[in-house]
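Scroll down for the structure; my scribbles are underneath it.
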Amino acid sequence: MTWRAILTTSAVVAPITAVSLDIFGYVAKVEGISMQPTLNPTGESDYIFLNRWAVRNYEFARGDVVSLMCPNNPKQKIIKRIVALEGDTVKTISYKNRKVIIPKGHCWLEGDNRNHSLDSNYFGPVALGLITAKAKRIIWPPTRWKEIEFSNSIGSDRLKIPFANDDDDDDEDNF
Amino acid sequence: MEPAIYEKDVLLIENRSVIKEKLRKGDVVIVKSPKNPNVLLCKRITALSGDRISGLFSSKTIPRGHVWIEGDNSRNSSDSRNFGPIPYGLIQSRAFYKIWPLNDRGYID
C-alpha cells in the first residue's frame, strides 16, 4: 500500500470511527471495586460495552448501571447504579441529610459495594446530563458472559415508598 | 441573554475551550439544563469553582468542578440563581461569534 492510500483511507475511516463510537458506544475497562460484586468481583478488571445510543434521550430506569462524568471532576468517568430518579425519596447512607427528595432532572447513584464507593452519598443527587452511557453487557472475560443482565432489584431497598406510614418525616430536606 | 443575544440569533460555537478546560468568567456557553438534560441553555459564566457568590444575606463558594451561570437579562432568566451551580460536565460548547442577524454580527464578549 502506498502512503497516499493509507492516508486517504485513514482520512475517511478516522472520522467515521470517531462518530460511531460517539453515537453507538465502545468497550471500556472497569477499574476499581466500587461496583463489586456486580463488576470486578475478583479484583480483575471486567471489560464492558458502554452503550451511548441507549442514553440519547436520557431515559433511565431504576437499577440501570451507567457511566458518567464525576460531578467534582469532569475528566473522571465513573460507573454506578441508578438507585432513584427525580421525585423519589431516598434513604441515604452517609450523606449530610438522612433523606433526600431527588430534584427534577437528577438521579441518585450508588456503587453496589456500599462502603467502598464514591457516589451520591458523597456528592448528592446527580444531573442526568452528566450520564454518558449505559452498561448492560460484560464483554470480557468470556467466562463472565453469562452475567449479562444486571439485576434491576439491587438498590430497591434504598427507596422510601411514598405511601408507607412514617413518623420521622421531619428531617426530609431538599439537597 | 438580551441584549447580547436574542431569540433566533445564529451563533458560532466551539468546544475546544470546553475540552481543554480553558473557559473563563464572562464566556457565553451552551449547557445541558440541570432540570432537563434534553434542553440546552445559553448563559454566561459569572463565577468559576472556588469563587464566591454573594447573595442578599449570605455568600457561597462555588464547589470544585462546578460553575455559576447567569443570563444577561437577569429579570427574565432561569439560571444558577434558580438551580444553583452546575457541574462543569454539563457544559457543551462556547459561543464566540454571532453570524446572524448580519447587522449585529461580531465577536461575543
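Lettering follows sequence order; numbering is per chain, from 1. Given the structure is predicted, the values throughout are model-derived calculations rather than measurements.
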Non-hydrogen atoms of chain A under 4.5 Å away: do they reach the side chain of B:Ile19, the backbone, both or neither?
backbone
If we count only N and O atoms by modelled type, under 3.5 Å, do the side chains of A:Asp112 and A:Thr38 hold a donor and an acceptor together?
yes
Just checking, is any N or O donor in the side chain of A:Lys80 or A:Ser117 under 3.5 Å from an acceptor N or O on the other one?
yes
Determine whether the side chains of B:Lys43 and B:Ser77 contain a donor N or O and an acceptor N or O closer than 3.5 Å.
yes
Side-chain donor-acceptor pairs under 3.5 Å in residues 30-41 of chain B, sequence neighbours left out?
| unit_1 | atom_1 | unit_2 | atom_2 | d |
| --- | --- | --- | --- | --- |
| B:Lys32 | NZ | A:Tyr58 | OH | 2.6 |
| B:Lys32 | NZ | A:Gly129 | O | 2.7 |
| B:Ser33 | OG | B:Lys35 | N | 3.1 |
| B:Ser33 | OG | B:Asn36 | N | 3.4 |
| B:Lys35 | NZ | B:Asn82 | OD1 | 2.8 |
| B:Asn36 | OD1 | B:Asn38 | N | 3.0 |
| B:Asn38 | ND2 | A:Asn57 | O | 3.3 |

Residue by residue, which of residues 69-77 of chain A have a heavy atom closer than 4.5 Å to a heavy atom belonging to chain B?
A:Met69, A:Pro71, A:Asn72, A:Pro74, A:Lys75
Is there a side-chain contact between A:Ile79 and A:Val65 (heavy atoms, below 4.5 Å)?
yes
Taking only residues two or more places apart in sequence, or in another chain, which ones meet A:Lys134 in a salt bridge (Lys or Arg N to Asp or Glu O under 4.0 Å)?
A:Asp64
Measure distances from B:Gln92 to the heavy atoms of chain A and classify the residue's part below 4.5 Å as side chain, backbone, both or neither.
neither
Residue pairs passing the ring-ring contact (aromatic ring centres under 6.0 Å, His included) test with at least one member in residues 14-33 of chain A, sequence neighbours excluded, are A:Phe24-A:Trp53
